[in-house]
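Owing to the predicted nature of the structure, the values given are computational and were not obtained by experimental measurement.
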Amino acid sequence: MPQIACPTCGETENLTGTRADNGTITIDCGACGHTWERDARLRCRLCGADNLEYSPRPLWEKVRGNQKTPAGRYDAYTCLECGGQDVTSPRARPRRS
């Protein structure tokens with residue numbers, strides 16, 4: 001997850017936030033007193049769109065030999081604008097041709 005830092009002093013620890021109904025978070029820096037707004041909506045890392053579809057992916061673990069068993073899931077999103085897959089993670093992949 002990307003770390004949030006104060007744009008004025010660079011503080012990363014002493015930050016507090018308040019979520020608004022419009023999808024933004026107002027962040028206050030306890031070190032220098034600076035206040036700013038951050039957009040909390042998920043966006044595609046490939047095209048920047050916020051038109052995403054939830055598409056969870058299974059997590060697998062090896063049990064014996066080549067046998068695999070589901071060990072959980074991770075939250076993944078597909079972009080409905082560019083077709084990218086897993087677009088909110090660092091592993092974002094463009095649409096398959």
Original post:
In Å, rounded to the nearest 0.5 Å, how long is the span from OG1 of T35 to CG of L15?
Top reply: 10.5 Å
**OP:** State, to 0.1 Å, how close E13 and E11 come at their nearest heavy-atom pair, and which atoms those are.
**Re:** N-OE2, 3.1 Å
Subject >> Residue pair D21, R19: steps toward the salt bridge (Lys or Arg N to Asp or Glu O under 4.0 Å) verdict >> reply: CA-CA 7 Å; D21 291 335; R19 187 178 298 269; over 6 Å; no
Original post:
Is there a path from L42 to Y54 through hydrophobic residues (I, L, V, M, F, W, Y) whose side chains come within less than 4.5 Å of each other?
Top reply: yes
Subject >> 4.5 Å side-chain heavy-atom contact, W60 and P70 >> reply: yes
Subject >> Sub-4.5 Å side-chain heavy-atom contact between T26 and E37 >> reply: yes
Subject >> Straight-line distance of D28 CG to N14 CG, nearest 0.5 Å >> reply: 10.0 Å
Original post:
When rounded to the nearest 0.5 angstrom, what distance separates CG in L46 from OG1 in T88?
Top reply: 10.5 Å
Subject >> Audit row: W36, T8, side chain to side chain contact (heavy atoms under 4.5 Å, CB included) steps and yes/no >> reply: CA-CA 10 Å; W36 74 98; T8 303; over 6 Å; no
Original post:
Rounded to the nearest 0.5 Å, how far does OG1 of T78 lie from CZ of R93?
Top reply: 8.5 Å
Original post:
Just by modelled atom types, is the C82 backbone N or O under 3.5 Å from a matching donor or acceptor in the R95 side chain?
Top reply: yes
Subject >> Nearest-0.5 Å distance that lies between atom NZ in K68 and atom CD in E61 >> reply: 11.5 Å
Original post:
Looking at C29 and C32, what are the two nearest heavy atoms and their distance?
Top reply: SG-N, 3.5 Å
Subject >> same_hphob_cluster(L80, V87) at 4.5 Å side-chain heavy-atom cutoff >> reply: no
**OP:** Looking only at non-hydrogen atoms, find the nearest pair between C79 and C47 and report the distance.
**Re:** SG-SG, 3.7 Å
Original post:
Going by heavy atoms in the side chains, are C9 and H34 under 4.5 Å from each other?
Top reply: no
Original post:
Under 3.5 Å, is there a donor-acceptor pair between the side chain of R43 and the main chain of G48?
Top reply: yes
Subject >> Separation of Y77 OH from D86 CG (nearest 0.5 Å) >> reply: 10.5 Å
